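Take a look at the structure set out below.
Since we're looking at a predicted model, the values are computed, not measured. Remember, it's 1-based here, ligands and their atoms both numbered in the order they're listed. FYI, side chains are in, hydrogens and waters are out, and symmetry mates aren't considered; it's all heavy atoms of this structure. Nothing fancy with the numbering, it's 1 onward along the sequence.
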Amino acid sequence: MKRRYDWLIVGAGYTGAVVAERLASLCDKRVLVIDRREHIAGNAFDARNDDGILFHQYGPHIFHTNSDEIAGYLSRFTEWKPYEHRVLGVVDGRLIPIPFNLTSLEILFPAPEAARLGRLLVDAYGMDRKVPILKMRESAHAGVRDLADFIYRNVFEGYTTKQWALRPEELSPSVTARVPVHVSYDDRYFQDSFQKMPREGYTKMFERMLDHPNITVALGTDYETAKDEVLFDRMLYTGAIDEFFGYEFGPLPYRSLSFDFRTYRQRRHQSVGQVNYPVSHDYTRITEMGHLTGEWNGSTTVAIEYPIAHRPGETVPYYPIPRDENAAHHDRYVAFARKEAPDVLFAGRLGDYKYYNMDQAVGRALALFRKEILGLPAEALPAA
Ligand code: FAD
Ligand code: UDP
């Protein structure tokens, strides 16, 4: 006999785990969470490698948010370690802070020229301001435009072309605006009020989230098999919406990655958590896990990140590619879903085809739970 659940949740990443946890603990619903991978935590999955080092299998994940609610929600399932991410970029054979800031100018230019360019930026934008590079290139001031072109060529053009196989202006401006030029000496990669790493890693946090008598987790289980093997009343699908509909309107474009993990018998391999290679090499960045986790056991592991083309069914669709024509393509799937599968909820980085950070994925899941499941205004926080 087939087992019956109130909910089937496809995907054990943030989106699926948060909604499952809310349904189980607030609504007393019986939830089956499936994932085709052999583990929970989606792309945030971490584990110890053969050298005993905690590493992030799908690329470095640093938690940061300005939302007390999201930090508070996740804090039920983990304690935290303080960590502020710092990134250097190799430009002109030198290591400069990324996002590009006043220190970057001082490293790349002789002192009087750096001072002049710094004053130019402060006069144009004010101190402690953040300016997206594509905006800076449109400045009415020729000197600012020249500097913007320099930063564009040395920091954004090569990196973006490697990462997306598109130039910065072919993408939504929001992509390069994630790493704006900082008119300041603040060299932190993120400026969010809450920047911490889960003390025992992301996977442990997910284990606690899903540890509820109403939740069953089935790993190594694809939706295609599960849908015929169990009965369920409602479904949340956090996989790719184009795949769900058999690529009815053609595959949505994604960008994939290939990781080369290397372990060295040394204290630290690089001086900061992440070094970017905006101009040289086929890889975009090298991240050293020990900086992120604060751990050291005699060896240190780095992840070298190579962007690659995505082939549906073969590679992981790591990144939706934010640009207008892709958003319109996704809208076609959303309209189709409303007609063909009105009872299915789609959400998450793949379901929504949105470039969410982890906190945004949690925020989206909490809002979906309130609005689309409980029928409350998205802002109203139900009592825990
Ligand atoms: P996912 O984590 O992708 O989970 C979806 C799950 O669904 C997957 O496990 C998949 O196997 C499963 N699935 C899909 N289809 C099916 C199916 N048909 N049947 C069964 N299972 C299925 N965010 C940050 O805040 N900070 C960072 O530093 C950061 N770094 C990142 C680095 C990289 C390289 C990448 C790719 C992302 C990074 N992110 C970061 C973003 C973060 O990974 C996402 O915001 C988050 O994982 C999204 O969660 P999700 O649940 O929407 O999707
Ligand atoms: N970017 C860049 N040079 C850098 C860092 C970032 O051109 O040194 C651009 C690039 O297009 C990248 C985007 O800014 O994809 C967003 O960077 P982020 O670090 O947020 O990317 P993610 O961690 O999501 O891969």
> Considering only the protein, which heavy-atom contact is closest to atom 8 (O) of ligand 2, and what is its distance?
Replying inline: Asn276 ND2, 2.9 Å

> Of the protein's non-hydrogen atoms, which lies at the shortest distance from atom 25 (O) of ligand 1, and what is that distance?
Replying inline: Met358 N, 2.7 Å

>> I need the nearest protein heavy-atom contact for atom 1 (N) of ligand 2: residue, atom name and distance, please.
In response: Tyr159 CD2, 3.7 Å

>> Only heavy atoms of Leu257, strictly under 4.0 Å: list the atoms of ligand 1 that pass.
In response: 34 (C)

> Looking only at heavy atoms, is any part of Thr221 under 4.0 Å from ligand 1, and if so is it the side chain, the backbone, or both, or is it neither?
Replying inline: backbone

>> Please confirm whether Phe244 approaches ligand 1 to less than 4.0 Å, judged on its heavy atoms.
In response: no

> Taking the minimum heavy-atom distance to atom 23 (O) of ligand 2, which of Lys162, His61, Arg178, Arg285 ranks first?
Replying inline: Arg285

> Got the closest protein heavy atom to atom 36 (C) of ligand 1, with its distance?
Replying inline: Tyr318 CD2, 3.3 Å

> Closest heavy-atom contact between Arg349 and Tyr356?
Replying inline: NH1-O, 2.9 Å

> So, for atom 53 (O) of ligand 1, does the protein have a heavy atom nearer than 4.0 Å?
Replying inline: no

> Just which atoms of ligand 1 are under 4.0 Å from any heavy atom in Tyr14?
Replying inline: 49 (O), 51 (O)

> Can you tell me which residue and heavy atom of the protein come closest to atom 3 (O) of ligand 1, and the distance to 0.1 Å?
Replying inline: Asn43 ND2, 3.6 Å

>> Looking at non-hydrogen atoms alone, which of Asp35, Asp359, Val33 comes nearest to atom 12 (C) of ligand 1?
In response: Asp35

> To which of Tyr356, Tyr152, Tyr319 does the heavy atom nearest atom 25 (O) of ligand 2 belong?
Replying inline: Tyr319

> What is the nearest protein non-hydrogen atom to atom 48 (C) of ligand 1, stated with its residue, atom name and distance?
Replying inline: Ala361 CB, 3.9 Å

>> What I want to check is whether the side chains of Asn276 and Gln274 have a donor and an acceptor closer together than 3.5 Å.
In response: yes

> Taking non-hydrogen atoms only, is Tyr237 closer than 4.0 angstrom to ligand 1 via side chain, backbone, both or neither?
Replying inline: side chain

> Going by atom types alone, do Tyr254 and Asp242 pair a side-chain donor with an acceptor below 3.5 Å?
Replying inline: yes

>> Suppose we measure from atom 22 (P) of ligand 2 to each protein heavy atom; which comes out shortest, and what is that distance?
In response: Tyr355 OH, 3.4 Å

> Is the distance between the ring centroids of Phe45 and Tyr202 under 6.0 Å?
Replying inline: no

> Any idea which protein heavy atom is nearest atom 20 (C) of ligand 1, and the distance to it?
Replying inline: Arg36 N, 3.2 Å

>> Out of Phe100, Phe190, Trp164, who is nearest to atom 15 (O) of ligand 2 when you count heavy atoms only?
In response: Trp164

> With Arg178, which residues qualify under side chain to side chain donor-acceptor pair (under 3.5 Å), at least two apart?
Replying inline: Tyr355, Asn357

> What protein heavy atom sits nearest atom 35 (C) of ligand 1, and how far away is it?
Replying inline: Arg349 NH2, 3.8 Å

>> Side chain, backbone, both or neither: which applies to Tyr58 and ligand 1 if a contact is any heavy-atom pair less than 4.0 Å apart?
In response: backbone

> Nearest non-hydrogen atom to atom 39 (N) of ligand 1 belongs to which of Lys354, His61, Arg364?
Replying inline: His61

> Taking the side chain as C-beta and beyond, is there a heavy-atom pair between Arg86 and Phe190 under 4.5 Å?
Replying inline: no

> So which bit of Pro60 gets within less than 4.0 Å of ligand 1, heavy atoms only: side chain, backbone, both or neither?
Replying inline: backbone

>> Under 4.0 Å from a heavy atom of Gly42: which atoms of ligand 1 are those, numbered in the order shown and with their elements?
In response: 2 (O), 4 (O), 9 (O)

> Who's the nearest protein heavy-atom neighbour of atom 7 (O) of ligand 1, and how far?
Replying inline: Gly11 CA, 3.2 Å

> Any side-chain donor paired with an acceptor under 3.5 Å for Lys130 and Gln191?
Replying inline: yes

>> Tell me whether Arg285 has any N or O atom under 3.5 angstrom from an N or O of ligand 1.
In response: no

>> Out of all atoms in ligand 1, which are within 4.0 Å of some heavy atom of Tyr356? Include the element for each.
In response: 41 (C), 44 (C), 45 (O)

>> If the cut-off is 4.0 Å to any non-hydrogen atom of Thr160, which atoms of ligand 2 fall inside it?
In response: 7 (O), 9 (C), 10 (C), 11 (O)

> Among all protein non-hydrogen atoms, which one is nearest to atom 19 (O) of ligand 2, and what is the separation to 0.1 Å?
Replying inline: Tyr189 OH, 2.5 Å

